Amino acid sequence: MNDKPVNDKQAVAIHATKYVKNGMLVGLGTGSTANYFIEELARRQTEEKLKVTTIASSQVSMIKAQSLGLNVIALTQVSEIDLYVDGADEITPDMTLLKGRGYDLVLEKLLAKAAKQFLVVADKSKLVDRIGTNYAIPIEVMAFAWKAAKRSLEAAGGVGDLRQNVAKDGLSISSHGSLVLDMAFDKSISEEALNQLINNTPGVVEHGIFRGLTSAVFIAGNGKVEERWK
Ligand code: 5RP
């Protein structure tokens, strides 16, 4: 990469590729920042003969990676990966994340857990004091259980509803055929308590709070990248 990065998302994504070494199995995130990472990884494979195998957190990322010539394998083939690089919607000072605006949080959390190192790449607009500052919590629920799950979450103070599709003419369906509840909770509930509460709600497949999974956060602002390690 000789050209100047077009923005902070690209700058931080390119920075993260320096942690990819020959022979690694690398998890690919989903979203605009993760896309820059995929592009730079493919460039290094072509121009620097970097040898990597990848595993994608979404169909979209899989198609992008394959179209750029990266070798993508399925999660069914492995239980551990070397490195996972993905963006986030919100990042707190203790590196708790909110993810899932892009519908693919089930695979994203599996890869974050399976990774020896999980690097989060973001521009500084993603830094918040607490989860839920800018977005409701995405909660993926089994389609037949959405009403029961919503009622349980409302009983714990949650407010929200099923996510609409982009065209706003129907419901949003996740990659795994589930529905998504976007729920906001009172600030008095701690992130740990909220994490436990949603984990323990029957009908929930997965949710967007990622706690205790991050190895490092790379934050870009004005073209400069800062690394914060756990
Ligand atoms: C998708 C995600 C993304 O990483 C998150 O939405 C950030 O996206 P972007 O890099 O486009 O800002 O969690 O589920």
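What you are looking at is a predicted structure, and each value in this text was computed from that prediction instead of being measured. Start at 1 and go down the list; that is how both ligands and their atoms are numbered.
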Could you check if a side-chain atom of [X] sits within less than 4.5 angstrom of a side-chain atom of [Y], using non-hydrogen atoms only?
X: Glu90; Y: Arg130; answer: no
X: Thr17; Y: Leu50; answer: no
X: Met142; Y: Val205; answer: yes
X: Phe185; Y: Leu197; answer: yes
X: Ile173; Y: Leu179; answer: yes

Considering only the protein, which heavy-atom contact is closest to [atom], and what is its distance?
atom: atom 3 (C) of ligand 1; answer: Thr30 O, 3.2 Å
atom: atom 10 (O) of ligand 1; answer: Thr33 OG1, 2.5 Å
atom: atom 12 (O) of ligand 1; answer: Lys126 NZ, 2.6 Å
atom: atom 11 (O) of ligand 1; answer: Ser32 OG, 2.5 Å

*Under a 4.0 Å heavy-atom limit, does Asp86 contact ligand 1 with its side chain, its backbone, both, or neither?*
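Contact part for Asp86 vs ligand 1: side chain (C-beta onward).
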*Atom indices of ligand 1, in the order listed, that fall short of 4.0 Å to a heavy atom of Gly100*: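 Going through ligand 1 atom by atom, the ones under 4.0 Å from Gly100 are 2 (C), 13 (O), 14 (O).
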*asked:* Under a 4.0 angstrom heavy-atom cut-off, which atoms of ligand 1 come close to Gly87?
replied: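 Here the atoms of ligand 1 in question are 4 (O).
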*asked:* I'd like to know if Gly29 contacts ligand 1, where contact means a heavy-atom distance under 4.0 Å to any ligand atom.
replied: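 Flag not set, Gly29 not near ligand 1.
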*asked:* Given Ala88, Gly31, Ala34, Pro138, identify the one with the heavy atom nearest to atom 7 (C) of ligand 1.
replied: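 Heavy atom nearest to atom 7 (C) of ligand 1 belongs to Ala88.
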*Option set Glu108, Glu90, Lys9, Lys99, criterion heavy-atom distance to atom 14 (O) of ligand 1, minimum*: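 Selected option, by shortest heavy-atom distance: Glu108.
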_If I apply the N/O under 3.5 Å rule, does Asp89 come out as touching ligand 1?_
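Yes.
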*Going by distance only, is there an N or O of Leu105 that falls short of 3.5 Å from an N or O of ligand 1?*
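Leu105 vs ligand 1: no N/O contact under 3.5 Å.
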*Consider only side-chain N and O atoms of Ser175 and Asp104, and report whether a donor and an acceptor are under 3.5 Å apart.*
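On atom types as modelled, these side chains qualify, holding a pair under 3.5 Å.
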_Is it the case that the side chains of Thr96 and Arg211 hold a donor-acceptor pair, with the cut-off being a distance below 3.5 Å and no angle test?_
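Judged by distance alone, the side chains do pair up.
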*Among the clusters formed by ILVMFWY side chains lying less than 4.5 Å apart, do Leu98 and Ile198 turn up in the same one?*
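As far as the 4.5 Å side-chain criterion goes, Ile198 and Leu98 are connected within one cluster.
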